[in-house]
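What follows is one structure encoded as structure tokens, with my remarks underneath.
Labels below follow one simple rule: chain letters A, B, ... track the order of the sequence lines, proteins then strands, and each chain is numbered from 1.
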There are 2 protein chains.
Amino acid sequence: MNIRMAIAHQHRETPLAARVSCNDCSLSQICLPLAVDPEQLDELDRIIRRGRALKRGEHLYRAADSFEAVYAVRSGALKTYAMSEDGEEQVTGFYLPGEIVGMDGISTAYHISSAKALETSTVCEIPFTHLETLSSRIPTLQHHFFSLMSREIQEDRALHMLLSKKSADDRIASLLTTIAARQQRRGLSNRIFRLPMSRYDIANYLGLAVETVSRIFTRFQQQGLIRVEGREVEILDRPRLCGEGRLHAG
Amino acid sequence: MNIRMAIAHQHRETPLAARVSCNDCSLSQICLPLAVDPEQLDELDRIIRRGRALKRGEHLYRAADSFEAVYAVRSGALKTYAMSEDGEEQVTGFYLPGEIVGMDGISTAYHISSAKALETSTVCEIPFTHLETLSSRIPTLQHHFFSLMSREIQEDRALHMLLSKKSADDRIASLLTTIAARQQRRGLSNRIFRLPMSRYDIANYLGLAVETVSRIFTRFQQQGLIRVEGREVEILDRPRLCGEGRLHAG
DNA sequence: ATGGCTCATTGACCCTAGTCAATCCACCGG
DNA sequence: CCGGTGGATTGACTAGGGTCAATGAGCCAT
């Protein structure tokens, strides 16, 4: 079985349109419902606008749009990016199903980055003022939100270390294992998966040139660490990929 | 008047020991009290443990300590840093008076980084469970906290761009102007100030070698952009320092 | 099919910033 | 007073990864 077939196989889920509440959503164990009691889930359910669809390349919101809601990714994948004064794009994050995007706008009341679909995607919209009201009434939900934002800060700190101290090899390896772990969280394989983003987005996110990304993918394959076929990736030797052997030797 | 004298001059404030409540704190307009009505300030006041003192080099908390509180810096300055598996330090942030440190631990219930005093400092301790309870009752406080964390995320995104796309010159220039702006927020000069951190910390934070930081400080001075004398800095030509002229020319 | 896209790969060359090393300075303890 | 220690500066050399350029591969509209 080649990589493409293997990946297609694990994506046979019930059609999205059939899900009309968080109760029935396959992501409920990693998404917001995680934080509320079953009897309070209805309240959360009622404020969520479900199933907004985005085509590849479409924007969920743009920088300077007024901040109204945060979004739970239900299917597909998004990237967020900011524009510097001189017009160059900085990809700031990738968001996979079950993850929450849009929390950057809270302090300014408008978004400071843009969110764009990397492929056909659906999101659930959670109006933020409603969410705040509800959070006051449901302490676990408030805590979960603090927690989500805190985790985002933690991840940014890890990225800070990656960008400031690690080689290009380490950055790519880290991206691959991070994506793999997030796949696993959703119940998919952490060994074989499809990258939703282009080499350009990877390079931009990791502070590298596209050519460098390409070269490293090729070399990792030659070294037997991974198998790559366009955007499909299989991790062959996780220990060496994670460092023990790539960093300090071969 | 030399740099040292100029800086000493603007630090004549009332002694810290005299301040027994947020009401009397000179930082109340940029710190937590900002978010609550005067009549509710008492409630906030009551949960805050004030005036914990730290000597230079002392830790406020260490990675893996259980997460109990967040802290408002009252005087002095702190740095936060994380340790990678291979034992190298990564400075993740600097915290000046009026700023909140320690929000990284919420999601894990233990701190993932350590916080250390860069100089003699005092902090106000805000037990987090109390803060959560209070936030449920005071919507503006809840919002303020979401907002604070959101701002932290925004700043991390800006740093991401800095590390991934900008030259060493840009990074140093950005650090200087950021510190200057934060000084101004506290009512101090945004032109002339003392850096609380060593060249090593700056280098570590910005992903550079100490030697590079040193060289750039020297060159910026030769170019007439700044005046440096150890940790004392005066910004002489903000426009060129900020880019228009340094980036695209001279 | 054909042309025009964008994405990806590979090679050749170069430059920015890291490394190594020496020196200087301020501060501290005896 | 002197030696020790850590921070800062400067010089010489080097390498990791960026830039430029060419080519290939997949995809869509015509």
**Message:** Quick one, B:Ile172 and B:Leu208 - any side-chain contact, counting heavy atoms below 4.5 Å?
**Reply:** yes
**Item:** With A:Arg52 via salt bridge (charged side-chain N to carboxylate O under 4.0 Å, His left out) - residues at least two apart
**Value:** A:Glu125
**Message:** Whole angstroms only, please: what is the CD1-C1' distance between A:Ile216 and C:dT10?
**Reply:** 14 Å
**Prompt:** Looking only at side-chain N and O atoms, does A:Thr212 come under 4.0 Å of OP1 or OP2 in D:dG17?
**Reply:** no
**Item:** Rounded interatomic separation in angstrom, taking NZ from B:Lys166 and P from C:dT16
**Value:** 16 Å
**Request:** Can you tell me which residue pairs pass the ring-ring contact (aromatic ring centres under 6.0 Å, His included) test with a partner in residues 161-183 of chain A, sequence neighbours excluded?
**Result:** none
**Asked** B:Val73 versus B:Leu96: any side-chain heavy-atom pair under 4.5 Å?
**Response** no
**Side chain proximity check, A:Tyr95 to A:Tyr71, heavy atoms < 4.5 angstrom** = no
**Item:** Any pair counted as ring-ring contact (aromatic ring centres under 6.0 Å, His included), so long as it reaches residues 155-179 of chain B, sequence neighbours left out
**Value:** A:Tyr205-B:His160
**Request:** Give the rounded distance in Å between these two atoms: CZ of B:Phe217 and C1' of D:dT9.
**Result:** 13 Å
**Request:** Remember a base hit wins even if backbone is also touched, and classify A:Ala209 as base, sugar-phosphate or nothing at under 4.0 Å, heavy atoms.
**Result:** base
**Item:** Distance in angstrom units between A:Glu229 CD and C:dA8 C1', rounded
**Value:** 14 Å
**Message:** Expressed as a whole number of angstroms, how long is the span from B:Lys165:NZ to C:dA17:C1'?
**Reply:** 18 Å
**Message:** Which is more 5' along DNA chain D, the nucleotide nearest B:Thr218 or the one nearest A:Leu208? Just name the residue.
**Reply:** B:Thr218
**Item:** Rounded distance in Å - CG (A:Leu163) to P (C:dA17)
**Value:** 15 Å
**Asked** So do B:Leu54 and B:Lys116 actually touch side chain to side chain, heavy atoms under 4.5 Å?
**Response** no
**Message:** Within the 4.0 Å heavy-atom criterion, would you say A:Gly207 contacts the bases, only the backbone, or no part of the nucleic acid?
**Reply:** sugar-phosphate
**Request:** Please list, chain by chain and in numerical order, all residues satisfying salt bridge (charged side-chain N to carboxylate O under 4.0 Å, His left out) with B:Arg182, sequence neighbours excluded.
**Result:** B:Glu99
Grab the N/O contacts between the protein and nucleotides 4-7 of chain D below 3.5 Å, and write none if there aren't any.
none

**Asked** Of the candidate nucleotides C:dA17, D:dT10, C:dT9, which contains the atom at the shortest distance from the side chain of A:Ser214?
**Response** C:dT9
**Sole residue of B:Glu89, B:Arg62, B:Gln90 in side-chain contact (heavy atoms from CB on, under 4.5 Å) with B:Met83** = B:Glu89
**Gap between atoms CG and C1', on B:Asn204 and C:dA17 respectively (whole Å)** = 16 Å
Do any N or O atoms of the protein come closer than 3.5 Å to N or O atoms of nucleotides 20-25 of chain D, and which pairs are they?
residue: D:dC20; atom: N4; partner: A:Glu211; partner atom: OE2; Å: 2.9

**Request:** Take the protein atom CZ of B:Arg219 and the nucleotide atom P of C:dT16, then report the distance between them rounded to whole Å.
**Result:** 10 Å
